[in-house]
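As structure tokens, the structure follows; a few thoughts come after it.
Numbers restart at 1 for each chain; the letters A, B, ... are given by sequence-line order, proteins then strands. Just so it is clear, the structure is predicted and the values come from calculations on it, not from any experiment.
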Amino acid sequence: MTNLRTDYCGELRTADIDRTVSVCGWVDRRREHGEHLAFIDLRDHTGVIQCVVDEKHDLRSEYVVRITGSVRPRLEGTVNTSLATGEIEVGDCEVEVLSVSEPPPFPLHDRVDVDENIRLRYRYVDLRRAKMQRGLRLRAKVNRAVRLAMDRQGFVEIETPMLVASTPEGARDFVVPSRLNPGSFYALPQSPQLFKQLCMVGGVDRYYQIARCLRDEDLRADRQFEFMQLDAEMSFVGQDEVFACIGEAVKDAVEAATGERPGPIATMTWLDAQERYGSDKPDVRFGMELTELTDAFAHTESKVFTVPCIKGINLEGGADSLGRNAIDELTDKCKRWGAKGLAWFRVRAGGNGAVALEGALTKFMSDAEQAAVVDRLGCADGDLALIIADTRRTANHVLGLLRLELGRPPVNEGGLNFLWITEFPLFEALDEAGSPIPAHHPFTMPHPDDVHLLDEGGNALLDVRSLAYDLVLNGWELGSGSVRIHRGDIQSRVFGLLGIGPEEAEAKFGFLLDAFRYGAPPHAGFAVGLDRLVALLAGEENIREVIAFPKTQSGGDPLTNAPSPIDDRHLEELGLRVLPPAT
RNA sequence: GGUCCUGUGGUGCAGUUUGGAGUGCACGCCGCCCUGUCAAGGCGGAGGUCGCGGGUUCAAAUCCCGUCAGGACCGCCA
């Protein structure tokens, strides 16, 4: 078949006037004026062009047609300035219906939000919408920019397997039964982590891949079972070189998407982020930083404030914008988030030009304590002071969530605020037995300044920093990485602390430890979540909007009906039997 | 594992608080009219398991319990 098309709908301009063109696409909208005049907006991925049909026809929404006619200027006074093709139209049209269509299951314009279930069930229709087309093409642009940047910086693209061994640590694995080895299973990779480290041992020097990663954990607006990462690893470098190379790729991607190149990416330590923003992925597009009040309540008479940590935030104008019901709801949320309660005070101008706190708890607070709250939070007349008194961890966590709840701008406002978060703790907590739980993976290099703390054990371990780092964009965790342990002695020590003996280490990670016995270069790496990056660049708060065929929050696909049962013969071949549902 | 929101012709909503006939709005769809519209316009029409199941009641879209689906979040995501 020869090409049916001479031009794309959205690309015709006044320069094409007098040309005879053939355009192909979907009938977007019809404006009928009887048998002798109809305006057909024909749509393809580039946009729409008005075609004037002056003979009898039977065109309906979403019919696929080829229209051949001549480009001509629109009559005076009928130019549509809100359309790129609005100065012209295709006239003397010959219409060829290539495919008919039932009426679409939902409107294809962007003026209404259609139910997610219906959009996904008819995703092929949904994808025709201009917004979705933009998302897909933006994603392709980002992928391309990233590939070019990594290639330019000497990274080698290497594919790693999708059928891998299950490892007990980390997220829940998706698992694939082995037909040839009944009772044994492959796992789908949570990330190419171990393979990329093996590449370093293998002398690759600089590896990258746009890798599909799979984790069987609950879905969120920014999380799907399957997601794409720019995955990279480098030999003979430390954190700074990783930041430079990944930063270059990310900036290239942003520039390709927006036309503007971001400036240098600032760095903040994990501890700083926790204390100032109550999060390891601070959204620095707005202020409302967490303020320390603990010492101001050192001599408190109140039980509420007799706690290890007191911190607060100030909501400007909150005394007037939030009613009692809204504040009660906030209190409930704080409790659900793990706090014992929320101490709140309306700030009102007093008689002497100063401001004073109003709230149920003021009668248990000294003048000095109240003054400290006003002073440190920077409260002004009409503000609302919100204070959490709890453990330091809980106070930071809950205030961090409260801050986002009350102050976070819409996703497409405030520009792109990248941030490297460094010096993540090596251990997250101690388990019942007093053994530390790793915060990252067990191959993360401890911070050289804190190695001495490893000998102390106990709670001192929680102060051990690591050479692990994250990239954050507007409050989203865009990616993470670390400098890896490449020396057997340090690795044994960390395994020892984690309660992993030599035998267990051998069983779980033997192949990697084996590899490290044969000359492992110092290496470090990173992985950037591309779905999230593209979503933020598209101004979307849900990554489904930039994924062609995503799953719903419960992990289903309304289009294909996955997941679905398989028949008994299939199960038998795999050596599997399905248990009855638990009661 | 948990919390919250939503579910009403094809689509988006109102109606649910305070029970009283499937009532309404916009878009779409079907038919007719219409030669310059562009979210075309006019007239007429069709289209409903009020997600599903149970309960309370003389009576349930509305109240109660359960369940399913979609969404947001906490936990989880080394």
Do the side-chain N or O atoms of [X] get closer than 4.0 angstrom to the phosphate oxygens (OP1, OP2) of [N]?
{"X": "A:Arg31", "N": "B:rU37", "value": "no"}
{"X": "A:Asn542", "N": "B:rA72", "value": "yes"}
{"X": "A:Arg60", "N": "B:rC30", "value": "yes"}
{"X": "A:His441", "N": "B:rC77", "value": "no"}
{"X": "A:Arg121", "N": "B:rA69", "value": "no"}
{"X": "A:Ser61", "N": "B:rC29", "value": "yes"}
{"X": "A:Gln553", "N": "B:rA72", "value": "yes"}
{"X": "A:Thr552", "N": "B:rG70", "value": "yes"}
{"X": "A:Arg30", "N": "B:rC29", "value": "yes"}
{"X": "A:Arg408", "N": "B:rA72", "value": "no"}

Does [X] reach a base, just sugar-phosphate, or nothing at all? Heavy atoms under 4.0 Å.
{"X": "A:Glu32", "result": "base"}
{"X": "A:Ser554", "result": "sugar-phosphate"}
{"X": "A:Glu89", "result": "base"}
{"X": "A:Ala439", "result": "sugar-phosphate"}
{"X": "A:Arg74", "result": "base"}
{"X": "A:Arg72", "result": "base"}
{"X": "A:Arg119", "result": "nothing"}

Problem set entry | Near-strand residues of residues 214-230 of chain A, defined as heavy-atom separation under 4.0 angstrom from RNA chain B | A:Arg215, A:Glu217, A:Asp218, A:Arg220, A:Ala221, A:Arg223
Exercise. Hey, what's the ring geometry for A:Phe443 with A:His441, parallel, tilted or perpendicular (30° and 60° as the breaks)?
Worked result: tilted
For this session: Please work out which of the three classes, parallel, tilted or perpendicular, describes the rings of A:Tyr469 and A:Phe526, given edges at 30° and 60°.
Result: parallel
For this session: Kindly compute the distance separating CG (A:Leu219) from OG1 (A:Thr552), expressed to the nearest 0.5 Å.
Result: 7.5 Å
Exercise. Is any NZ, NE, NH1 or NH2 atom of the basic residue among A:Lys340 and A:Asp390 found under 4.0 Å from an Asp or Glu carboxylate oxygen of the other?
Worked result: yes
Problem set entry | Salt bridge present between A:Asp28 and A:Arg43 (N-O < 4.0 angstrom) | yes
For this session: Walk me through it: do A:Asp231 and A:Lys196 pass the test salt bridge (Lys or Arg N to Asp or Glu O under 4.0 Å)?
Result: CA-CA 8 Å; A:Asp231 191 50; A:Lys196 67 176 175 177; 2.7 Å; yes
My understanding is that a pair needs two contacts under 3.5 Å, Watson-Crick or G-U wobble. By that rule, which nucleotide pairs with [N]?
{"N": "B:rG10", "value": "B:rC27"}
{"N": "B:rU3", "value": "B:rA72"}
{"N": "B:rC63", "value": "B:rG55"}
{"N": "B:rU16", "value": "none"}

Problem set entry | Working for salt bridge (Lys or Arg N to Asp or Glu O under 4.0 Å), residues A:Arg220 and A:Asp222 | CA-CA 5 Å; A:Arg220 286 282 200 293; A:Asp222 62 350; over 6 Å; no
Seminar exercise, completed: Judged by nearest nucleotide, the residue sitting upstream toward the 5' end of RNA chain B, A:Phe39 or A:Gly555, is A:Phe39
Exercise. May A:His109 be described as stacking on the base of B:rA39, applying a 5.5 Å centroid limit and a 30° limit on plane angle?
Worked result: no
For this session: Only pairs at least two apart or in different chains count here, so list each side-chain hydrogen bond (donor to acceptor under 3.5 Å, both in side chains) that has a residue in residues 490-500 of chain A.
Result: A:Asp455-A:Arg493
For this session: Using only heavy-atom distances, decide whether a donor-acceptor pair under 3.5 angstrom links the side-chain of A:Arg111 to the base of B:rA39.
Result: yes
Problem set entry | A:Arg403 to A:Phe286 six-membered ring, cation-pi geometry met (6.0 Å, 45°) | yes
Problem set entry | Pair A:Gln224-A:Asp531, side-chain donor/acceptor within less than 3.5 Å | no
Problem set entry | Under 3.5 Å side-chain donor-acceptor pair for A:Thr331 and A:Asp328 | no
Under 3.5 Å between N/O atoms: give me all the protein pairs with nucleotides 4-11 of chain B, atom names plus distance.
from, atom 1, to, atom 2, distance (Å)
B:rG10, O2', A:Pro105, O, 2.8

Problem set entry | Nucleotide of B:rG36, B:rG70, B:rG75 approaching A:Gln50 most closely (side-chain heavy atoms) | B:rG36
